[in-house]
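Notes for the one structure printed next.
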Protein chains: 2
Amino acid sequence: MRATDIQTVRALPLFAGIGEAQFAALMDAALLQRFPAQVQLIHEGEEADFLHIVVEGMVEMFASGNGEETTIGFLAPVSTFILAAVLVEKVYLQSARTLTPSRLLMIPAGAVRKVFAGDTAFAGAVVIELAERYRDIVRQLKTQKMRTGIERLAAWLVAHGEATPDGLVVRIAFEKVKLASFLGMTRETLSRSFAALADYGVSVSGRTIRCADADALIRLARPDPLLDEHGQPA
Amino acid sequence: MRATDIQTVRALPLFAGIGEAQFAALMDAALLQRFPAQVQLIHEGEEADFLHIVVEGMVEMFASGNGEETTIGFLAPVSTFILAAVLVEKVYLQSARTLTPSRLLMIPAGAVRKVFAGDTAFAGAVVIELAERYRDIVRQLKTQKMRTGIERLAAWLVAHGEATPDGLVVRIAFEKVKLASFLGMTRETLSRSFAALADYGVSVSGRTIRCADADALIRLARPDPLLDEHGQPA
DNA sequence: CGCCGCTTTGAGTCCATTCAATTCCGGTGG
DNA sequence: CCACCGGAATTGAATGGACTCAAAGCGGCG
């Protein structure tokens with residue numbers, strides 16, 4: 001494991017205040033591993049054995065049920081995932097797979113729980129992390145129940161767009177069908193939603209979206225600080 | 001505050017391992033208050049100032065946005081709520097109101113954070129509580145995205161029914177429109193869904209639901225241990 | 001007994017999905 | 001360099017589910 005990787009991990013809020021010895025204990029127990037794209041890292045229903053951290057690449061969180069699959073979020077470096085399952089020593093509720101070749105740091109669940117019990121600063125950071133994740137999912141649930149499909153798309157564009165001279169530009173880092181699944185619609189509906197947004201100055205070319213009139217989009221999305229702030233997930 | 005109330009609160013997993021002095025500190029700072037029905041306790045968007053605990057009565061968690069409202073869960077004694085907002089010192093993402101006359105224990109956010117920092121056992125319990133709540137919301141999101149309206153209703157009935165000689169019996173403790181909102185449908189659709197469940201041996205009389213053939217219902221709900229286990233919310 | 005709120009039922013509309021077919025795009029091999 | 005291939009994305013048509021609007025039951029409470 002490279003020193004620079006350790007540095008980036010150490011810089012995570014989760015490990016910010018943790019003692020040297022405890023951090024070293026975590027890193028000693030941890031594995032750093034490379035995965036190609038499209039590898040399923042976590043199968044929902046299995047025992048949580050590792051706390052995962054995306055160091056490089058992109059990971060999709062999803063859930064499946066009777067043949068269907070729905071995307072719950074996308075993770076870019078550097079973020080942790082499935083912290084909750086590790087802490088309560090229960091099975092994963094979500095699955096995860098790499099979307100691109102990735103490097104993951106995996107810390108054994110037991111080590112996490114041990115350090116948690118012995119390091120107050122780490123315990124505090126874990127709680128903050130967990131609480132923020134909780135709030136992220138609450139936002140997602142609210143968005144799912146209270147906004148229409150087009151509004152969810154508009155909000156996602158606004159949240160992920162980059163301001164440039166000629167308007168908002170969004171680059172989708174994965175297949176559109178994943179975005180559709182995350183937004184809770186089919187790929188066809190997403191396509192039609194993009195078409196409908198043309199009236200609002202949105203043009204699509206491949207995975208790059210340009211929004212000439214960001215304000216119109218924002219108005220459509222009915223942005224809610226309670227829904228859109230932060231925006232850790234996806 | 002009555003001694004028996006303190007006992008029930010103390011018996012909560014959240015306070016199980018906490019030291020006497022720390023628990024006393026929390027209780028000293030806490031307020032026990034009665035509220036009539038239909039009182040809004042928490043307004044989303046405001047600063048989190050108290051950790052709330054339902055000691056008696058029933059509380060609805062909900063969220064609103066441009067005139068609409070959606071129910072996120074129902075709380076019966078004894079449960080805590082809005083722990084996450086208290087811990088991260090941010091605004092509430094959900095609102096809460098009493099559905100029936102209730103008694104609430106309210107612990108100032110500062111006291112919670114203080115004891116959290118000083119009592120390892122409490123810190124551990126907070127994390128477990130938080131993690132379980134997180135998992136509850138993940139289940140709710142999955143249910144919302146992966147099951148149809150009727151399936152959500154069937155699953156809710158199965159999860160909340162009581163086994164009796166003549167099948168599953170569910171007593172809805174609040175207005176049906178609240179249940180509809182929780183399940184993510186309109187009251188009309190809920191009514192029609194109940195009608196559709198007649199084919200599965202479900203009969204409705206007022207707020208009491210009887211399910212002659214629980215198995216049929218279970219099959220319809222496509223029960224998923226990952227979705228239905230636990231079932232803290234609602 | 002009659003009012004009022006909740007619930008149910010009915011009819012019509014809209015939106016999202018499904019199924020099917022076509023187009024677009026990136027990568028490969030000739 | 002270009003033609004071809006295959007997966008992804010779009011488009012079209014038809015179906016279906018959920019919603020809105022409207023009106024009629026039902027029940028509780030004064």
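Computed from a predicted model, the values in this text were never measured in an experiment. Chain A is the first sequence line, chain B the second, and so forth, proteins listed ahead of strands; every chain is numbered from 1.
- Rounded to whole angstrom, the span from the NZ atom of A:K145 across to the P atom of D:dC19 amounts to 11 Å.
- OP1 or OP2 of C:dC6 has not a single side-chain nitrogen or oxygen of B:K178 nearer than 4.0 Å.
- Atom-to-atom, CD of A:E68 to P of C:dA16 comes out at 18 Å; the value is rounded to the nearest Å.
- Of the side-chain N and O atoms in B:S191, none sit less than 4.0 angstrom from OP1 or OP2 of C:dT7.
- Nearest nucleotide to the side chain of A:V204, out of D:dT10, C:dT7, C:dT9: D:dT10.
- Summarising the geometry, the separation between CZ on B:R207 and P on D:dG28 is reported as 10 Å, rounded to the nearest angstrom.
- Relative to the six-membered ring of A:F62, A:R97 meets both conditions, a distance below 6.0 Å and an angle of at most 45° to the axis.
- Partner of B:L105 under the side-chain contact (heavy atoms from CB on, under 4.5 Å) criterion, chosen from B:V78, B:D5, B:L31, B:L32: B:L32.
- One atom, CD of B:E175, and another, P of C:dT7, lie 6 Å apart when rounded to the nearest Å.
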- Would you please test A:Q94 and B:V138 for side chain to side chain contact (heavy atoms under 4.5 Å, CB included) and show each step? CA-CA 8 Å; A:Q94 306 176 52; B:V138 169; 3.8 Å; yes
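- Rounded to a whole Å, the CE atom of B:M185 is 14 Å from the P atom of D:dT20.
- The phosphate of C:dT17 has OP1 or OP2 within less than 4.0 Å of a side-chain N or O from A:T186.
- Residue A:E188 contributes atom CD, which lies 9 Å from atom C1' of C:dC19 at whole-angstrom precision.
- One can place CZ of B:R192 at 9 Å from P of C:dG10, the figure rounded to the nearest angstrom.
- Whole-Å rounding puts the A:M146 CE to D:dC19 C1' distance at 17 Å.
- In this structure, the side chain of A:Q40 engages the main chain of A:I42 through a donor-acceptor pair within 3.5 Å.
- For the pair A:G206 and A:L190, nearest-nucleotide mapping onto DNA chain C gives the more 5' position to A:L190.
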